[in-house]
Amino acid sequence: MRDFKSIESKWQKIWDSCDDFHAVNMSKKPKYYLLVEFPYPSAQGLHVGHLRSYVALDIVARKRRMQGYNVLYPMGWDAFGLPTENYAIKNNIHPRTVTEQNVKQFKKQLKSVGISFDWKREINTTSSNYYKWTQWIFSKLFEKGLATKEETTVNWCSSCKCVLANEEVVGGQCERCGADVTQKKKKQWILKITKYAQRLIDDLKLVDFPDRVKTQQTNWIGRSEGAKISFPTNVGEDLTIFTTLPETIFGVSHIIVAPEHKFIDKFKDKIKNIDEVLEYRKKVSKVKKEERTDANKAKTGVKILGITAKNPVNGKEVPVFVSDYVLVDHGTGVVMAVPAHDQRDFDFVQKYKIEFISVMQENPETGKMEMINSDFLNGLDVISARKKIIEYVSEKKIGEKHVSYKLRDWIFARQRYWGEPIPIINCEKCGPVLEKNLPLILPDIENFKTSENGESPLCLTDWIHTKCPKCGRDALRETDTMPQWAGSSWYFLRYLDPENDECLASKESINYWMPVDWYNGGMEHTTLHLLYSRFWHKFLYDIGVVNTPEPYKKRTSHGMILGNNNEKMSKSRGNVVNPNDVVEEYGADVIRLYEMFMGDFEKSAPWSDESIKGCKRFLDKYWNLKDIVSDEPNIRENFVSDFNKTIKKVGNDIENLKFNTAIASMMDLIGKIKDSGQITREELKIFTILLNLFAPHVTSEIWETMGFEGNINFVEWPNYDESLISSEFKEIVVQINGKVRDTFLIDSDLDDEELIKKSKEQPKIKELIKNKQITKEICARNKLVNLVIN
RNA sequence: GCUGGUAUGGCGGAAUAGGUAGACGCAAGGGACUUAAAAUCCCUCGGUAGCGAUGCCGUAUCGGUUCAAGUCCGAUUACCAGCACCA
C-alpha cells in the first residue's frame, strides 16, 4: 500500500531543509523567472483555486530545473486591504495580528502540497522594509508630477459617516447599515496612468499575452479619435464638446452638460431655473455610473433656462440641457446631441420634444452612407466628411482633432488604516511636501474605525503632527493610505533582492532576472492589477530603475474552479472545498494531479469529489509498477513508439498549458504497461521523471527506493526519439461524399494518384462506386481520400 | 447596458493547419475473485433501427461557405468574468 501521509511528510521535510528550490542570483545557468499572483491572506485560508495556478507553474518550474535553468519561483503576501481591516474592527484585533495568523496558515497549507517555492525570498507588502519602497516609488511619481491631488467623487454613507468602496455599496445602499449612499466630492491623490495610455496599448506588441487579455486591455484603455469643438454661449464662455463623430455637427439639436459640470456653478446667477438644476444634480448623485449610462434606462434631464449655445458651423442657436447620461469625467463633460444618429440622443428628444434633422443618408445607387443637409459636407462619404470638418474647425480655430481615452486616472487614496501611509506632509505655506525619511511607519493604533468626518483613523493620532521639512513650521501628515493595489504593482522586483535596504532591488539582480518569463494569474486581474503593474514598471523604466519596458514576457490565465454544483464557490452557497480536507483524505500528489486533470486549464471547471478518485487510482497503479520491473524489454506491439510519444506529448503539453492531456497520455501509457505486465528499470525511471512534475512526493520515494542515480529535482529532462514515434503503417481514410466508408493501411508514402487508385480498389469502396459517376476526387495530406459521386 | 469569453455523451473533458467526433477519467450496468463487503481485474457504455454485418441521426439554435464544418463566416439563445465606459 502507498502510505501517502508518511511519504509526503518525509519529502516535505527534506525539501524544507535543502536548498534545491532556492534560486541564486547571478548564477551561470540561464535564468527562468516564474511568477504567480501572490495571495491576499484571508481568514478563509487557501482556496483550491489558488492551487490551480501555483501547481501549474510548479510543474513548469520543476521541468525548467531539469532542463538546466536557474529557476526563480517565489511566493509572498499581498496583505494590506479592506477585509482584514473590517475583520479587525469587528473582532477588535489589530490587523497586523490577523495578517500574521493568516500568513502562517497560508504558508502551512502551501507547504503541505509540495510546491517548490523559494521560501528564502518570501515577501510581505505590510512589512516596513517592503512598503518603504512602495512609498519610495510614490515619492518618485510625485516628483515627476504623476501623483497629484484632484477633486474626485467618493461613495459616502451618511449613517456610518465613512467613505465606502464600490464593493460595499449594494443596490445604492450601504452594505453594513442599509442607508442610502450618496456621491461626495473629495480632493484625493491620483496617479496619472492616462499619461501612459498610448504606451500601454502600443507595447502590448512586445509581449506574449493571450489575445483575449490584449483586447480586453486595449478596449479598457479605449482609444478613440474625434474632435473637440467649441460652442459659443450667450454668457461669454464657450462650451467645448468632445465627439467621435464630428461630421454630424450640422445635425446638432442641443447641447448636454454633465450635471456636475463646473460651468453650472460658474454661471448659476444666469440660470433662471438654478434650483431645478441643482435639485436634479442632487438626485443624480445617488445613481451609480453603470445605471446612468444604461441604454435601456429612460432618459432624464433638465433644460437650462437662460443659457443658449450657438452651433459654430452654421450659427444656429441650440438649447442647453443637463442629463445624467453625460459623465463629467469623460471627454469634456459636454456632448453635442445628434438625435438622428444616436439612440440615446433620440430617446432624449422624444421626451423633451426637440426638433432635429438627419445629416446622413444611404445613397440608393452606391448603397453607401453620405452626408446631407450639411452645407459644404453634402455628398461626401463619412470618412471624407470627418476629415473635412476637422480641417474646417482647425482652420477657423473653433476646434481641433483630439484623441480621447476611456482609461481614467487611478484614484490612489483610501480613508483607511490598513494600508501604506502616503509619505506626504501638508504644510499650509509649502503645500504638499515629501517625507524624506522612509519608511514612514504606519503607527499602531487601537481604534481602526474611520473618523466622523470620513477621514482615516490616522487623523485621530499624534502621529499626524510633524514639522514641514521645507520651512520647519508645524504641519500635518497626509492621513489617507494607499490602495491595496500599490504593493502588488511592483512585487515581482522585490523578490529579486528582498533584503536590500539601499534600493528596491540591486541593479545586477534586476538585470539578471528581469523580465518575468512567465506570469500566470486570473482573468479578473486583466484590467486592474495587470495594467497598474505595467504602468508602474514603465515609470520605473523611464527613471532608469529597471531595464525592460515591460515587466512580463508571457502571461497566461487559469480558469476558475467552481463548486460541484457548477456555481462559484462561496460560503453562502455551501459548496466550498477546503484543500486541507482533500490533502488529508487523498494526499498532496492526488490534489495536484486532479487540479491539473480536471479540465482545460484556461477554462473554468467544477470540482468533483468522484472524479478525483481516478487520479488516486492512477497513482496507486504507478506505485505498483515497481513490482513488475523486468530486465526483458517490453514486447508489446508499438510499445517503444508509445513510450516515446508520451515523453513528447507530456513535454509539449506542459508548454501549451494542456496539463489535462499530458496526464491523460500518462494514464494511457500506464494502461499499456499494465496490459503487458512488465516495465524495464530505465522505462520506470523515465516515467518517474515525467510524473515527478505533477506528483513530486511519490515519485521522489520511488526514485529513492529504486536506487536511481542523482537528485531527481535536477535530473536531465528525458529526450524522445522522433524516428521511433512514427509507426511503420499509416492508415488512410476513404470517404464517399464526405462520409467515412473504409480505411486501409499503407507502409510507405504514396502520391495522390496512387492513393486514389488504391482507394478505389478496396472491395467495399469498389462495390459502392460500381455504376456510379465519380465527379471529384480529393486527396488530403496523405491521410484521407474523398470520392464525390452522383 | 458595455467589454471580453464559453457552449461537445449521464458527468469532467479529447479532437496540430477544416479531414475517422467522443481520447483519458468519473458515474452507471454486467461479470470474475471473496463467506460477505471494500479494494482489484475483465466486458459494455451518444441516440436510433437491426439477431447481426451495418444503416440513419448527432458537437446550444437557425442559416451560410466548402468535396468535407465541433473547427471558418453571419444571426440568435444561454451561461461565465470584468466594469470606470456614451460622446
Side-chain angles (χ1 to χ4, degrees), chain A residues 1 166 210-220 222 224 226-227 241-246 256 258 288-297 325-327 329-338 342-345 404-411 522-528 557 559-560 562 564 566-568 594 597-600 602-615 617-618 620-621 624 652 656 658 660-668 671 674 731-743 775-781 783-789:
Chain A
M1 264 308 280
N166 284 341
D211 283 342
R212 64 188 200 279
V213 171
K214 285 190 182 183
T215 27
Q216 187 87 316
Q217 285 207 348
T218 306
N219 291 346
W220 177 263
S224 60
I241 60 100
F242 172 70
T243 175
T244 53
L245 306 169
I256 307 179
K288 272 182 101 177
K289 259 165 213 157
E290 292 145 58
E291 275 173 57
R292 281 175 62 162
T293 56
D294 191 332
N296 288 340
K297 198 202 67 163
Y325 74 91
V326 175
L327 303 175
D329 48 12
H330 203 92
T332 58
V334 188
V335 303
M336 61 179 207
V338 186
D342 184 295
Q343 187 61 45
R344 286 156 319 176
D345 294 343
S404 168
Y405 297 93
K406 291 181 188 172
L407 183 72
R408 292 201 330 219
D409 280 328
W410 176 7
I411 299 174
M523 264 322 268
E524 71 275 16
H525 288 121
T526 302
T527 50
L528 297 176
S557 277
M560 217 193 300
L562 306 170
N564 50 17
N566 232 316
E567 285 175 31
K568 197 172 171 170
Y594 175 60
F597 183 64
M598 67 195 305
D600 184 336
E602 298 186 87
K603 290 185 196 153
S604 63
W607 184 273
S608 163
D609 293 327
E610 296 297 334
S611 275
I612 195 171
K613 289 177 185 163
C615 293
R617 284 178 199 145
F618 169 62
D620 287 341
K621 284 179 198 165
N624 293 331
N652 290 348
N656 296 318
K658 300 289 175 196
N660 52 341
T661 50
I663 294 167
S665 72
M666 287 190 282
M667 287 174 164
D668 210 14
K674 287 197 55 115
E731 195 184 38
I732 301 297
V733 174
V734 189
Q735 297 183 331
I736 291 177
N737 291 346
K739 288 190 175 170
V740 180
R741 286 297 180 245
D742 205 1
T743 61
T775 55
K776 203 160 185 176
E777 295 167 343
I778 283 129
C779 193
R781 281 190 257 142
K783 196 176 170 187
L784 175 142
V785 169
N786 188 13
L787 304 172
V788 184
I789 62 172

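Every chain is numbered from 1, with letters handed out A, B, ... down the list of sequences.
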- Please figure out whether A:Phe242 or A:Thr743 has its closest RNA chain B nucleotide nearer the 5' end. A:Thr743
- Query: In whole Å, what is the span from the CD1 atom of A:Ile612 to the C1' atom of B:G13?
  - Reply: 16 Å
- Message: Counting the atoms with a prime plus P, OP1 and OP2 as sugar-phosphate, which does A:Asn737 contact under 4.0 Å by heavy atoms, base, sugar-phosphate, or nothing?
- Response: nothing
- Message: If you apply the rule side-chain contact (heavy atoms from CB on, under 4.5 Å), what do you find for A:Glu777 with A:Val785, and how did you get there?
- Response: CA-CA 7 Å; A:Glu777 295 167 343; A:Val785 169; over 6 Å; no
- Item | Listed partners of A:Tyr405 passing ring pair (Phe, Tyr, Trp, His ring centres under 6.0 Å), at least two apart | none
- How do A:Ser665 and A:Ser604 order along RNA chain B: which one's closest nucleotide is nearer the 5' end? A:Ser604
- Sorted by chain and residue number, the side-chain hydrogen bond (donor to acceptor under 3.5 Å, both in side chains) partners of A:Glu524 (sequence neighbours excluded) come out as none
- Would you please name every residue forming a ring pair (Phe, Tyr, Trp, His ring centres under 6.0 Å) with A:Phe618, sequence neighbours left out? none
- Criterion side-chain contact (heavy atoms from CB on, under 4.5 Å) against A:Met336, the qualifying member of A:Asp345, A:Thr243, A:Leu245: A:Thr243
- Message: Measure NZ/A:Lys783 against P/B:A68 and give the value in whole Å, please.
- Response: 18 Å
- Message: Base, sugar-phosphate or nothing for A:Lys621? Non-hydrogen atoms, less than 4.0 Å.
- Response: sugar-phosphate
- Note on the structure: Hits for salt bridge (charged side-chain N to carboxylate O under 4.0 Å, His left out) against A:Asp620, two or more places apart or cross-chain, chain-then-number order -> A:Arg2, A:Lys616
- Message: Going by the rule ring pair (Phe, Tyr, Trp, His ring centres under 6.0 Å), which residues pair with A:Trp220 if we only count those two or more places apart in sequence or in a different chain?
- Response: none
Can you give me the N/O atom pairs linking the protein to nucleotides 29-34 of chain B at distances under 3.5 Å, or say none if there are none?
none

- Message: Suppose you measure atom C1' in B:C11 against the same atom in B:U48; what distance do you get, rounded to whole Å?
- Response: 22 Å
- Item | Spacing between A:Met560 atom CE and B:C79 atom C1', to the nearest angstrom | 12 Å
- Item | Residues forming a side-chain contact (heavy atoms from CB on, under 4.5 Å) with A:Asn219, sequence neighbours excluded | none
- Out of B:U3, B:A7, B:U40, whichever nucleotide has its closest atom nearest the side chain of A:Arg617: B:U40
- Check the distance between B:G25's C1' and A:Phe618's CZ and give it to me in whole angstrom. 11 Å
- Symbol by symbol from the 5' end, with Watson-Crick or G-U pairs under 3.5 Å, [ ] crossing and | another strand, RNA chain B is (((((((..(((......[....))).(((((.......))))).((((....))))..(((((..]....))))))))))))....
- Taken in chain and number order and not counting sequence neighbours, the residues that satisfy side-chain contact (heavy atoms from CB on, under 4.5 Å) with A:Val326 are A:Ile256, A:Ala258, A:Val335
